[in-house]
Amino acid sequence: MGRRYSIGVIRGDGVGPELMDVTLRILNEVGFYADFIEVNAGYDFYRKSGKVLEDGGIEILRRVDAVLKGPLTTPLDMPGFRSINVMLRRELGLYANVRPFKSFNGVSLKNLNIVLIRENTEDLYVGIEGIHSGVSVALKLISENACERIVRFALNYAYMYGFKKVTAVHKSNVLRVTDGLFREVFHRLVRGYEDLEFNEVLVDAAAYQLIKNPEKFEVIVTENLYGDILADLIAGLVGSLGLCGSAEIGDSHALFEPVHGSAPDIAGKGVANPIGQITSAKLMLEYLGRKYSDLNLMKIANALGNAITQVVEEGHVLTPELGGNSSTVDVANEILTKTVITLHG
Ligand code: NAI
């Protein structure tokens with residue numbers, strides 16, 4: 001038996017718990033040897049306890065090998081309620097938000113294989129805002145250190161995963177100083193990577209080109225807000241937010257979660273697509289597999305990835321947002337069956 005991992009689990013709000021249930025069942029049944037340590041957090045927990053995260057929760061999340069998280073609600077009508085996601089990213093130093101998007105034959109609107117790498121700690125998301133005499137302002141914070149860290153991460157990622165091209169997305173024609181700094185760092189750092197091709201696209205043009213010709217993009221590196229918006233745009237091209245997973249990586253910690261939110265409109269109905277959450281678990285296995293040279297985990301992650309592709313492309317067992325009539329549990333069972341067949345014949 002290989003290494004036993006410890007995984008922090010935040011089940012999430014809305015569709016989170018139903019998606020986490022099936023994901024943990026898959027992880028258990030495919031032979032991922034781990035202790036799952038649940039940490040209470042989120043809006044539902046806040047309503048019961050008055051706290052957004054259980055006491056000592058951050059310390060637990062710092063001790064585990066990785067965190068698997070469901071989506072968390074940030075209520076719009078409670079201005080004092082700060083995003084727990086933003087807090088977790090800051091507390092765990094998760095500066096790189098990595099979102100791999102790959103199209104599915106017969107389902108996706110376009111052919112694409114794009115990894116969006118988004119700076120995860122700064123920009124307008126530092127949440128420093130104020131209002132005086134009817135004038136509101138928000139601070140857009142862009143530091144040289146954070147730009148260097150994220151650009152270097154994206155370049156190394158492209159190199160390590162065999163991508164040929166890295167595109168910087170910004171708006172430095174208007175935001176001369178903040179986005180100008182991001183741009184300057186990008187141009188400075190790419191000089192050390194002769195094997196890669198580089199370009200830059202303004203964020204508005206990037207939105208247009210992503211719709212028209214997504215095949216022109218491979219790795220995109222961008223700031224926090226632009227990355228947040230473009231990720232949903234690319235998820236739309238893939239076919240559904242429910243198909244996409246993400247990794248949030250720092251120097252010492254890593255957290256994995258679906259790209260989508262808590263989807264209150266379909267919560268509790270058993271119809272949410274579990275693939276985004278299961279894909280996040282797959283990204284976690286790949287991360288741990290690489291970090292600990294655990295070939296068994298890499299094998300499970302591969303089998304899981306292939307099973308997801310097969311299930312989506314066969315099109316027999318799909319949730320309603322993809323035109324199917326299967327449930328969350330049906331889709332998860334189908335993925336599990338196919339994964340087990342690949343692993344054990
Ligand atoms: P959302 O991503 O929850 O939903 C947008 C649309 O996509 C809805 O129509 C929803 O039904 C659909 N959708 C989302 N996930 C799906 C799935 N797995 N299967 C099928 N359809 C799915 O975005 P929304 O409605 O803007 O946000 C809801 C809440 O989630 C908000 O409180 C927001 O702050 C939070 N949120 C949390 C995130 C996180 O925890 N990382 C990320 C994004 C939003």
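Counting starts at 1 for both ligands and their atoms, in listed order.
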Margin query: If only side-chain N and O atoms count, and only distance matters, is there a donor-acceptor pair under 3.5 Å linking N120 with N97?
Written below: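 Checked: N97/N120 side chains pair up, N/O donor to acceptor below 3.5 Å.
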
Margin query: For a quick check under 3.5 Å, do K69 and N85 share a side-chain donor-acceptor pair by atom type?
Written below: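 Yes, because at least one side-chain N or O of K69 sits under 3.5 Å from a partner of the opposite role on N85.
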
Notebook entry, point to check: Only one of K140, R89, R118 forms a salt bridge (Lys or Arg N to Asp or Glu O under 4.0 Å) with D123, so which one is it?
Noted result: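 Between D123 and the candidates, salt bridge (Lys or Arg N to Asp or Glu O under 4.0 Å) is satisfied uniquely by K140.
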
Notebook entry, point to check: For atom 27 (O) of ligand 1, is the nearest protein heavy atom under 4.0 Å away?
Noted result: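 There is no protein heavy atom less than 4.0 Å from atom 27 (O) of ligand 1.
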
Note to self: If we check side-chain contact (heavy atoms from CB on, under 4.5 Å) with V169, which of these qualifies: L202, T222, D204?
What the structure shows: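 For V169, the side-chain contact (heavy atoms from CB on, under 4.5 Å) test succeeds with only one of L202, T222, D204, which is T222.
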
Notebook entry, point to check: Is it true that E122 and R90 make a salt bridge, defined as a side-chain N closer than 4.0 Å to a carboxylate O?
Noted result: no

Next item on the list: Considering only NZ, NE, NH1 and NH2 on the basic side and carboxylate oxygens on the acidic side, decide whether E59 and R63 come within less than 4.0 Å.
Entry: no

Measuring from [atom], which candidate in [options] has the nearest non-hydrogen atom?
atom: atom 21 (N) of ligand 1; options: L72, I266, N273; result: I266
atom: atom 42 (C) of ligand 1; options: H260, E18, E248; result: H260
atom: atom 5 (C) of ligand 1; options: T74, V86, L255, L241; result: L241

Next item on the list: Report the part of N85 (side chain from C-beta onward, or backbone N, CA, C, O) that has a heavy atom under 4.0 Å from ligand 1; answer both or neither where that applies.
Entry: side chain

Would you check whether [X] reaches within less than 4.0 Å of ligand 1, judged by its heavy atoms?
X: S240; answer: no
X: K69; answer: yes
X: A272; answer: yes

Notebook entry, point to check: Under 4.0 Å from any heavy atom of T73, which atoms of ligand 1 are there?
Noted result: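 What qualifies from ligand 1 is 32 (O).
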
Next item on the list: Considering the heavy atoms of G242, write down every atom of ligand 1 situated less than 4.0 Å from one of them.
Entry: 17 (C), 18 (N)

Check: Would a 4.5 Å heavy-atom cut-off, applied to side chains only, mark H170 and T178 as touching?
Finding: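 Not touching, per the 4.5 Å side-chain cut-off.
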
Notebook entry, point to check: If you draw the axis of the six-membered ring of Y161, does the NZ or CZ of R290 fall within 45° of it and under 6.0 Å from the ring centre?
Noted result: yes

Margin query: Centroid separation under 6.0 Å, is that true for the rings of F81 and Y43?
Written below: yes

Just to confirm my output: which protein heavy-atom neighbour is closest to [atom], and how far is it?
atom: atom 44 (C) of ligand 1; value: G261 CA, 3.4 Å
atom: atom 25 (O) of ligand 1; value: P264 CD, 4.3 Å
atom: atom 30 (O) of ligand 1; value: S262 N, 3.0 Å
atom: atom 3 (O) of ligand 1; value: A263 N, 2.8 Å

Check: For G70 and ligand 1, does the shortest N/O to N/O distance drop below 3.5 Å?
Finding: no

Notebook entry, point to check: For Y208, does the OH atom sit with more than 12 other heavy atoms under 6.0 Å from it, leaving out its own atoms?
Noted result: no

